[in-house]
Amino acid sequence: MNIAFCCTGIAPQPWLADLRAALPEARVEPWAPGDAPADHAVVWAPPQAFFDAQPRLRSIFNIGAGVDALLGLRLPPGVPLVRIDDGGMAVQMAEYVCHAAIGYFRDFGGYAADAAAGRWQPREPRDRAAFTIGILGLGVLGQRVARALRQFDFPVRGWSRTPKALDGIDCFAGDGGLDDFLAGTRLLVCLLPLTPDTRDILRRETLSRLPRGAYLVNVARGGHLVEDDLLALVDDGHIAGATLDVFRQEPLPADHPLRVRPRITVTPHISAQSLRADCVAQIARKLRALQRGEPVAGLVDPARGY
Ligand code: NAP
Ligand code: GLV
């Protein structure tokens, strides 16, 4: 069994070593143009030329949660595409979103500015019961984030494509549920996959349905957010501010307006990073399950886009 490793922007050696240790029955090699076709592929942002040279793939493993970039390529038809589900990312996403939400709710940014200016200025506590946090996307990451936020007693609601019933979470679904979901959300978190249905979902029309003074956290993909619409809504006060981890263009250009707005915090796509040990163990387990003809979690439906 030959496994080709083709991951852009990732140092291959530690991954190759770990994959070889986890799958001693396989020959795992970094892919180079001209190599013989492989049986299985482990990929992250591969070039189209990689798939063009793979006539006999039996499975493709994406070492991240999002497959939007991959689905933009011509993939060999009918070959199972498996993404990482969780892979150490869910708890990181919960940390990141709780940090952003609590930082805004408690105004820790304001207190940091006060401390730097030598001010001692306690503020009135905000009403937690009125601070509903809404999560777009109730999948592996969205549900983990929802559970973490509930630990702080925030009212939490979520929106998904198909209806759900989750303990302690107010669930909304489908296009018909979006307006009601947004109308009661004080802090909006985006954890959707980027698909034709969700591209530009964070635009003026939808963000305007949030109550005035709402806050945005986008940790999904830059393609969800129409950045100019957000900037305009922050300028007119409808949106109080935002924490953004993902951007239309990454790295975010040094002179981009999102970098200099005082009420916008940016981070370099680090809210949740695939952890190598978790991912390698997951790939080995799923590859063997596929070989036995068993179902695996994280199988992507190309028609659905995630
Ligand atoms: P997931 O398990 O596939 O969950 C996706 C959720 O979105 C599901 O609840 C799904 O609804 C919902 N959804 C999809 N299309 C929808 C639509 N048209 N309308 C309403 N809901 C829709 O994905 P995940 O593992 O939680 O990851 C989510 C995304 O996070 C990834 O795709 C990736 O882009 C992003 N991500 C970002 C980082 C980072 O560092 N910034 C790290 C990891 C992942 P159903 O439950 O009904 O299917
Ligand atoms: C990271 O953004 C991922 O999709 O895993």
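Atoms within a ligand are numbered from 1 in the order they appear, just like the ligands themselves.
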**Q** List every atom of ligand 1 that sits less than 4.0 Å from any heavy atom of Gly137, numbering the atoms from 1 in the order shown and giving each element.
**A**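 Numbered from 1, ligand 1 contributes 6 (C), 7 (O), 9 (O).
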
**Q** Just to confirm my output: which protein heavy-atom neighbour is closest to atom 2 (O) of ligand 2, and how far is it?
**A**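 Looking at atom 2 (O) of ligand 2, the protein heavy atom closest to it is His269 NE2, 2.7 Å.
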
**Q** Could you list which atoms of ligand 1 come closer than 4.0 Å to a heavy atom of His269?
**A**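 Heavy-atom distances to His269 below 4.0 Å select 39 (C), 40 (O), 41 (N).
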
**Q** Tell me whether ligand 1 is touched by Arg83 - counting only heavy atoms on the residue side and a distance under 4.0 Å.
**A**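 It does; at least one heavy atom falls under 4.0 Å.
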
**Q** Hydrophobic cluster membership, with links at side-chain heavy-atom distances under 4.5 Å among I/L/V/M/F/W/Y: are Ile264 and Leu202 in one?
**A**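 Yes, it is one cluster - the side chains of Ile264 and Leu202 are joined through contacts under 4.5 Å.
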
**Q** With heavy-atom distances below 4.5 Å as the criterion, would you say the side chains of Arg261 and Leu231 are in contact?
**A**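 Heavy-atom side-chain distance check passes, below 4.5 Å.
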
**Q** Give a yes or no on whether the backbone of Asp85 and the side-chain of Gln282 come within a donor-acceptor separation of less than 3.5 Å.
**A**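 Pair found, side chain donor or acceptor close to backbone of Asp85.
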
**Q** Would you kindly confirm whether Leu187 and Leu233 end up in one hydrophobic cluster when ILVMFWY residues are joined by side chain heavy atoms under 4.5 Å apart?
**A**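 No, Leu187 and Leu233 fall in different hydrophobic clusters.
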
**Q** Taking the six-membered ring of Tyr111 (Phe, Tyr or Trp), confirm whether the NZ or CZ of Arg123 is under 6.0 Å from its centre and within 45° of its axis.
**A**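 Checked: cation-pi criterion met.
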
**Q** For Phe154, enumerate each residue passing the ring pair (Phe, Tyr, Trp, His ring centres under 6.0 Å) test, keeping only those at least two apart in sequence or located in another chain.
**A**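 Residues passing ring pair (Phe, Tyr, Trp, His ring centres under 6.0 Å) with Phe154: Phe105, Phe131.
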
**Q** Count I, L, V, M, F, W, Y as connected when their side-chain heavy atoms are under 4.5 Å apart, and connections chain through other members. Are Val42 and Leu57 then in the same cluster?
**A**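 In one cluster with Val42: Leu57, no.
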
**Q** Leu191 heavy atoms, cut-off 4.0 Å: which ligand 1 atoms fall inside?
**A**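 Under 4.0 Å from Leu191, ligand 1 has these atoms: 28 (C), 30 (O).
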
**Q** Heavy-atom contact under 4.0 Å between Thr198 and ligand 1?
**A**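 Yes, that is the case, since the closest heavy atom of the residue is under 4.0 Å from the ligand.
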
**Q** Is the backbone N or O of Trp15 less than 3.5 Å from a side-chain atom of Asp18, with the two atoms forming a donor-acceptor pair by type?
**A**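 Absent.
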
**Q** At a non-hydrogen distance cut-off of under 4.0 Å, which region of Met89 contacts ligand 2 (side chain, backbone, both, or neither)?
**A**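 The side chain, only.
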
**Q** Going by the order shown, which atoms of ligand 1 are within less than 4.0 Å of some heavy atom of Lys164?
**A**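 Counting atoms of ligand 1 from 1, those under 4.0 Å from Lys164 are 45 (P), 46 (O), 47 (O).
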
**Q** Hey, does Thr243 have a side-chain heavy atom less than 4.5 Å from the side chain of Tyr215?
**A**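 A side-chain contact under 4.5 Å exists here.
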
**Q** Checking contacts here: is it the side chain or the backbone of Asp175 that comes within 4.0 Å of ligand 1, counting heavy atoms only? Could be both or neither.
**A**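 The answer is neither.
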
**Q** Measure the shortest side-chain to side-chain distance between Leu258 and Phe247 over non-hydrogen atoms and say whether it is less than 4.5 angstrom.
**A**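 Touching, per the 4.5 Å side-chain cut-off.
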
**Q** For ligand 1, is there an atom lying under 4.0 Å from some heavy atom of Met93?
**A**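 Per 4.0 Å heavy-atom rule, Met93 contacts ligand 1.
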
**Q** So which bit of Arg161 gets within less than 4.0 Å of ligand 1, heavy atoms only: side chain, backbone, both or neither?
**A**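 Both parts.
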
**Q** Provide the number and element of each atom of ligand 1 under 4.0 Å from a heavy atom of Ala220.
**A**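 In order of numbering, the contacting atoms are 34 (O), 35 (C), 37 (C).
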
**Q** Give me the residue, atom name and distance of the protein heavy atom closest to atom 5 (O) of ligand 2.
**A**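 Looking only at protein heavy atoms, the one closest to atom 5 (O) of ligand 2 is Ala65 N, 2.7 Å.
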
**Q** Output yes when the distance from some N or O of ligand 1 to some N or O of Ala272 is under 3.5 Å, and no in every other case.
**A**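 Ala272 vs ligand 1: N/O contact under 3.5 Å present.
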
**Q** Among Ile63, Leu299, Val67, whose side-chain contact (heavy atoms from CB on, under 4.5 Å) with Arg83 holds?
**A**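 The passing option is Val67.
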
**Q** For ligand 1, which atoms, with element, lie under 4.0 Å from some heavy atom of Asp245?
**A**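 The list of qualifying atoms is 39 (C), 40 (O), 41 (N).
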
**Q** Which ligand 1 atoms, with their elements, are less than 4.0 angstrom from a heavy-atom of Ser271?
**A**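 Once the distances to Ser271 are compared, the set is 39 (C), 40 (O), 41 (N).
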
**Q** Are any of the N/O atoms on Gly64, whether in the backbone or the side chain, positioned under 3.5 angstrom from an N/O atom of ligand 2?
**A**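 No, there is no polar N/O contact under 3.5 Å.
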
**Q** Please confirm whether Arg221 approaches ligand 2 to less than 4.0 Å, judged on its heavy atoms.
**A**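 Checking ligand 2 against Arg221, which is what was asked, there is a heavy-atom contact under 4.0 Å.
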
**Q** Using distance alone, decide if ligand 1 has a nitrogen or oxygen within less than 3.5 Å of any nitrogen or oxygen in Gly139.
**A**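 Such a contact does occur with ligand 1.
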
**Q** Group every Ile, Leu, Val, Met, Phe, Trp and Tyr by side-chain heavy-atom contacts under 4.5 Å, then state whether Leu138 and Met89 land in the same group.
**A**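 Yes, Leu138 and Met89 fall within the same hydrophobic cluster.
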
**Q** Can an N or O of Leu141 be found at a distance shorter than 3.5 Å from an N or O of ligand 1?
**A**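 N/O-N/O distance under 3.5 Å: yes.
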
**Q** Counting N and O atoms only, with roles assigned by atom type, does the side chain of Arg203 sit under 3.5 Å from a partner on the main chain of Asp200, one being a donor and the other an acceptor?
**A**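 A pair under 3.5 Å: yes.
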
**Q** Considering the heavy atoms of Val246, write down every atom of ligand 1 situated less than 4.0 Å from one of them.
**A**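 With Val246 as reference, the close atoms of ligand 1 come out as 41 (N).
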
**Q** Between His224 and Thr198, do the side chains contain a donor N or O and an acceptor N or O under 3.5 Å apart?
**A**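 Yes - a donor-acceptor pair under 3.5 Å links their side chains.
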
**Q** Does Asp197 reach ligand 1 with a nitrogen or oxygen that is under 3.5 Å from one of the ligand's nitrogen or oxygen atoms?
**A**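 Between Asp197 and ligand 1 (N or O atoms, distance only) the closest approach is not under 3.5 Å.
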
**Q** Residue-level breakdown please: for Val219 versus ligand 1, do any non-hydrogen atoms fall below 4.0 Å on the side chain, on the backbone, on both, or on neither?
**A**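 Looking at Val219 and ligand 1, just backbone atoms fall under 4.0 Å.
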
**Q** Considering Val140, Leu138, Leu192, Thr195 one by one, which has a heavy atom nearer to atom 22 (C) of ligand 1 than any of the others?
**A**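 Among Val140, Leu138, Leu192, Thr195, the closest heavy atom to atom 22 (C) of ligand 1 comes from Leu192.
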
